[in-house]
Each structure stands twice: as structure tokens, then as C-alpha cells.
Amino acid sequence: MDTITLGELASLLDQHRLAATLEGDPSVAVAGAACDSRQVTTGNIFVCKGAAFRPEFLSAALEAGAAAYLCTPDAAPGLAAVAPGVPRILCADIRPAMAWVSKAAWGSPDRDLQIVGITGTKGKSTTAYLLQTLLDAAGPEPCAIFGTHAIFDGTGTFESANTTPEPPDLWRHLANARRSGLRRVVMEVSSQALKYDRVLGLSLSVACFLNIGNDHVSPVEHPSFEDYLAAKLRIFELAGRCVVNLSGGHADEALAAARARGAEVTTFSLDDPAADVCATAVAPAAHGMDFTCRTPEWTRDVYLSLLGEHNVEDALAAVACARAVGVDDPAALDALADAHVPGRMEVRPTADGSIVTIVDYAHNDISYRRFFDTVDEFFPGAYKVAFFGVSGGKALDRYRDLPAIGSRRADYVILTSDDPGPEDPAELCHKIAANLAPGTPHAEEPDREAACELAFAHARAHVAEQGGRVVVCALGKGAETEMRIGSEDVSYEPDGAHLARLVAAYDAEAPQAR
């Protein structure tokens with residue numbers, strides 16, 4: 001791994017007006033950065049950040065081989081007590097300083113990679129996976145992906161802690177991708193990452209703006225929609241080329257921000273034929289969607305193995321991004337026939353077709369509407385049982401919107417946990433129950449695995465008593481395997497695996513036993 005000296009890092013922070021003060025030998029060699037003591041490797045500079053930071057984290061980092069540390073002046077006295085004589089840099093603002101130091105300490109790998117950054121209220125994960133599918137099909141080496149659920153950087157696949165990693169982790173994964181011989185990286189870029197400098201200094205080959213809805217607005221995220229939109233639009237400041245959805249809401253602002261960058265802009269749209277990449281003849285097909293994709297150079301028919309028009313829109317975004325990085329091979333679209341996005345519209349029917357389970361990560365008003373529209377399109381007239389919750393202490397609009405939409409679109413609702421975090425799970429369920437449509441048949445079951453069992457049992461009872469088809473809708477958690485309860489991440493059986501067991505048990509029973 002390349003190294004950089006502590007003195008060079010301090011000089012870099014001074015160049016960015018972050019008032020760096022170096023204490024210790026400026027010739028100390030630094031290789032890599034970390035903000036989690038469990039991720040420290042020999043030679044790292046360790047970043048002391050966050051309201052929950054404790055001096056023992058620094059002690060653990062030094063034991064793991066950290067060569068120096070970065071902190072703010074107010075934290076310096078307490079940290080000197082546990083690490084006397086250890087070289088360090090004091091900086092005025094830890095978040096931008098962490099970003100610049102991490103990039104330099106990991107050797108600025110973005111210089112040698114094509115990186116596509118994707119932002120939007122809805123569709124980031126699907127677009128990222130579909131783009132990875134197209135780029136993998138074009139080859140010759142696999143494409144790295146950094147997303148909400150997982151990170152593949154060429155050295156392995158890791159579960160994500162955030163949609164966009166903190167800078168030391170982001171640059172470590174980028175360095176791993178370069179070291180592994182990968183050329184392309186697809187990454188989701190959250191509004192929080194843009195607002196709080198997680199991607200500061202990152203050079204994107206392409207920045208993609210999918211859409212924006214009224215989400216993530218709360219005292220602990222974005223204080224207003226205007227702040228949320230402004231954060232999203234910052235992605236264009238990082239890019240040489242831009243991709244914009246003409247039908248994604250606030251497209252005029254997105255186009256203006258992209259053009260202000262002086263970048264080349266590619267547009268896409270599900271319903272605007274003026275876009276560079278657009279679709280016609282969109283229609284449901286067996287377990288997926290058929291559509292015709294048109295670009296300025298070619299037109300071809302496509303089968304996408306995902307349900308719903310919104311997934312066709314995400315596929316168009318992926319095509320536009322692929323073209324922007326120089327992959328414009330219509331034959332690569334054949335790969336979309338086998339595309340899989342973990343936790344997105346995962347459909348599993350019973351053998352007799354009487355019960356259909358669908359797992360989806362839908363977790364805001366836009367995605368809820370899209371989800372239920374798709375269910376109604378593919379399973380018209382079906383009785384719908386939905387179980388879902390809201391994340392505690394985050395986007396407060398979800399407390400109102402999700403139960404309101406879910407109860408209007410489903411026939412029976414079970415309120416359960418979805419990362420309750422700082423809130424009591426039972427109290428949170430009760431709180432959001434107040435926003436159900438009046439008279440909605442519902443239950444409250446904070447234990448998500450128990451809620452899954454309850455939903456399937458209700459579906460079975462409905463089939464036995466009234467016949468017809470029942471769709472069980474598991475919303476919010478997708479393929480996730482952990483639940484944030486309090487300050488702990490607690491393992492649980494993912495919705496898809498749990499429902500698969502229930503479907504298998506149902507299928508194994510003799511028909512006469514039902």
C-alpha cells in the first residue's frame with residue numbers, strides 16, 4: 001500500500017482551510033485510515049469522531065497498529081491522557097477533514113476507477129444492481145458495488161452499515177477495488193452522505209439523479225424539503241457526466257444543477273420520448289416486464305425479470321449510466337432477463353397459487369404507492385395482508401404516510417418493527433396505528449418474526465374460509481438480517497427466508513388437510 005506522511009496530511013488539511021495542527025513527528029508514515037477500531041490495520045491514521053466516541057476506542061486502535069490519530073481540539077486533552085506521545089493532527093472540523101485525509105491515506109484510488117454514483121429517494125438499490133448486471137455482462141472483470149445492503153469490492157462481500165459508507169471505509173473499499181484489478185464501481189449515494197461530507201473529494205465518472213420525494217425530512221435528518229433537495233443536487237458537483245430522470249420530479253432543478261457543472265448530460269424517462277433513453281410498449285410479462293428500449297443509436301426489445309413499471313424506469317437509468325461510462329452494447333441488455341435485486345419484489349407463491357408472498361424494501365411513500373400499484377396490476381382482486389413498521393427517530397413523515405397508505409391499499413394490516421432504534425417497539429407500533437385509515441382491520445405485533453407468522457396464518461385462514469387468492473406483503477426490511485433495537489443490531493430471520501419456510505410447510509401438507 002502507498003504511504004503518505006503525517007506532515008503531508010496536515011498540509012493537505014491546511015490547503016482546504018481546516019486549520020490543521022500537527023503534534024508529533026511529521027515524517028511518520030501513514031497507510032490507510034479508519035474510524036472504527038475494529039477495522040484498523042497497521043499504519044492507519046485513526047479518526048476520533050462522533051458523539052458516542054470513547055477514549056478506549058483510540059486505545060484499541062493503537063493496539064491494532066494505528067500510527068497516528070485525527071481529532072478536534074476540544075477532544076485533544078482527554079485523548080492525550082490515553083495516548084501520550086502518539087502523533088496526531090488536530091483539525092477545525094472533523095467531517096471534511098476525515099474525508100480528505102481518508103482519500104489521501106488510501107492513495108486516491110478514484111483516479112484509476114470509473115465510479116457511478118446514484119442518488120434518489122427511491123430506486124437507488126435497484127438501479128445499482130441493474131447497472132452492475134449490465135456492466136458485468138459487458139465484462140471483462142466484475143463491477144464493484146457499494147449499496148444499502150452489501151458491498152462487493154473485489155476482496156469479498158460485506159454487509160453495509162450505511163447506504164454510503166463513512167469516508168475511511170469508502171476509500172478503503174475503493175482501494176480494495178483498485179488493488180483487485182476492478183475498473184468500475186457502482187455506488188448508492190444518500191442525501192446524508194452528500195450533506196455530511198462522506199463523499200467529499202470523490203471524483204465520479206457519472207452522477208445519476210433518479211427522483212426525489214417528500215422523505216427524510218425530520219429534525220434528525222433534513223429540516224426541510226429544500227434542504228433535502230439541495231443535498232441531493234450536490235452529487236453533480238462530483239461528476240464529469242450526469243444522468244437525469246426527466247420524469248423524476250424536480251427535473252428542471254436537477255438539469256440546471258447538472259448543466260451548471262458544465263458536464264455532459266444524458267436523460268432518461270419512462271414516459272417522455274424526448275429523453276435520450278426511453279421506453280415504449282411497456283407491459284407485464286410472466287414474472288417480469290416487457291418493454292422496448294430506445295436510445296439515439298439503437299432500439300431493442302427487452303425482458304426484465306422484475307415486476308412493475310418503476311423497475312423498468314430503474315432499468316432505463318441503468319442503461320443511461322452504462323452508456324455514460326462507455327458501455328453501449330444492446331446485447332448486454334439480455335442480462336436483465338436474469339437480474340436479481342435482493343429484497344426487491346421477491347415473489348414466492350404456494351404450489352396451488354392460493355397464497356403469494358412478496359418481500360420488498362419499500363419504506364417511504366413513493367415506494368409504497370409503487371409497490372401496491374404493482375401488486376394490483378399483477379394480482380387483481382387479490383386479498384392483501386401487509387406487515388410493516390417505521391424506523392424509529394428518523395423521517396417523521398413515514399409515521400403518518402406509511403400506515404395511511406398501507407391501510408388504504410391492504411385489506412388487513414399488521415404493524416411490527418422496522419429498526420425501532422431509540423423508540424420502544426410496542427409504543428412505536430401503537431403510535432403509528434393512530435394513522436391507519438379508520439376501521440382498518442389490524443393487529444400490532446412488535447416481534448417481526450411473530451408478525452410474519454401472523455400474516456401467513458391470516459392468509460391461510462382467509463383462503464380456507466373464503467377462497468380466492470391472498471397476497472402477503474412483507475414491507476420495509478427486504479433482505480436485511482439485522483434489526484436496530486435501541487443501540488444494538490439484533491439478528492433475526494429475514495422476511496424472505498421466513499416466508500419461504502412457511503410456503504414450503506404449506507406445500508408439504510396434503511391438500512385434504514387444508
Side-chain angles (χ1 to χ4, degrees), residues 103 108-154 160 163-165 170-171 173-178 180-191 193-194 198-211 232-245 248 254 257-258 261 263-268 275-277 295 313-329 332-333 335-336 339 341:
K103 173 175 179 165
S108 301
D110 56 338
R111 295 177 300 192
D112 303 308
L113 297 166
Q114 283 187 318
I115 305 173
V116 179
I118 301 166
T119 199
T121 301
K122 174 61 181 170
K124 294 188 296 296
S125 294
T126 301
T127 301
Y129 275 100
L130 294 179
L131 178 56
Q132 182 194 38
T133 297
L134 292 176
L135 298 180
D136 280 351
E141 66 285 310
C143 173
I145 185 167
F146 304 170
T148 300
H149 307 301
I151 292 172
F152 167 70
D153 66 2
S160 300
T163 296
T164 309
L170 170 63
W171 289 100
H173 289 302
L174 289 171
N176 286 344
R178 178 174 65 179
S180 299
L182 308 188
R183 289 188 301 147
R184 299 187 179 106
V185 178
V186 176
M187 63 179 291
E188 298 179 46
V189 183
S190 68
S191 60
L194 290 159
R198 288 185 207 159
V199 290
L200 181 66
L202 179 65
S203 292
L204 297 176
S205 299
V206 178
C208 176
F209 184 93
L210 297 175
N211 49 56
K232 288 287 190 189
L233 295 179
R234 286 184 63 185
I235 194 170
F236 295 126
E237 299 170 11
L238 310 175
R241 297 183 182 88
C242 303
V243 172
V244 175
N245 184 2
R261 170 77 177 175
E264 177 183 331
V265 179
T266 298
T267 59
F268 72 95
D276 298 310
V277 178
T295 76
E313 185 173 58
D314 294 338
L316 296 175
V319 171
C321 289
R323 294 179 77 249
V325 295
V327 175
D328 194 20
D329 179 7
L333 274 68
L336 296 179
V341 182

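When all heavy atoms of Lys232 and Gly120 are compared, the pair lying nearest together is NZ-O, 3.2 Å. In terms of heavy-atom proximity, Ala258 sits nearest to Val244 at CB-CG2, 4.4 Å. Nearest heavy-atom pair, Thr127 versus Ala317, reported as atom, atom and distance to 0.1 Å: CG2-CB, 3.8 Å. For the residue pair Phe236 and Ala254, the shortest heavy atom distance occurs at CE1-O, 3.4 Å. The nearest pair of heavy atoms linking Ala320 to Phe268 is CB-CB, 4.2 Å.
A distance of 6.0 Å separates OG of Ser108 from CH2 of Trp171, quoted to the nearest 0.5 Å. With rounding to the nearest 0.5 angstrom, the SG atom of Cys321 is 11.0 Å from the CG atom of Leu130. Distance CG/Leu233 to OG1/Thr119: 9.0 Å, rounded to 0.5 Å. In this structure, the separation between CG on Asp314 and NZ on Lys122 is 7.5 Å, given to the nearest 0.5 Å. In this structure, CG in Leu170 is found 11.0 Å from CG in Leu200, a value given to the nearest 0.5 Å.
If you check the side chains of Thr163 and Glu188, you find no donor sitting under 3.5 Å from an acceptor. A donor-acceptor pair shorter than 3.5 Å can be found between the side chains of Arg184 and Gln114.
Annotation: side chain of Thr164 is in contact with side chain of Met187 (closest heavy-atom distance under 4.5 Å). Side-chain atoms of His173 and Pro109, non-hydrogen and from C-beta on, never get closer than 4.5 Å to each other. Between Thr148 and Ser160, every side-chain heavy-atom pair lies at or beyond the 4.5 Å cut-off.
Screening Ile115, Leu134, Leu135, Leu131 for a side-chain contact (heavy atoms from CB on, under 4.5 Å) with Val325, the sole residue that qualifies is Leu135.
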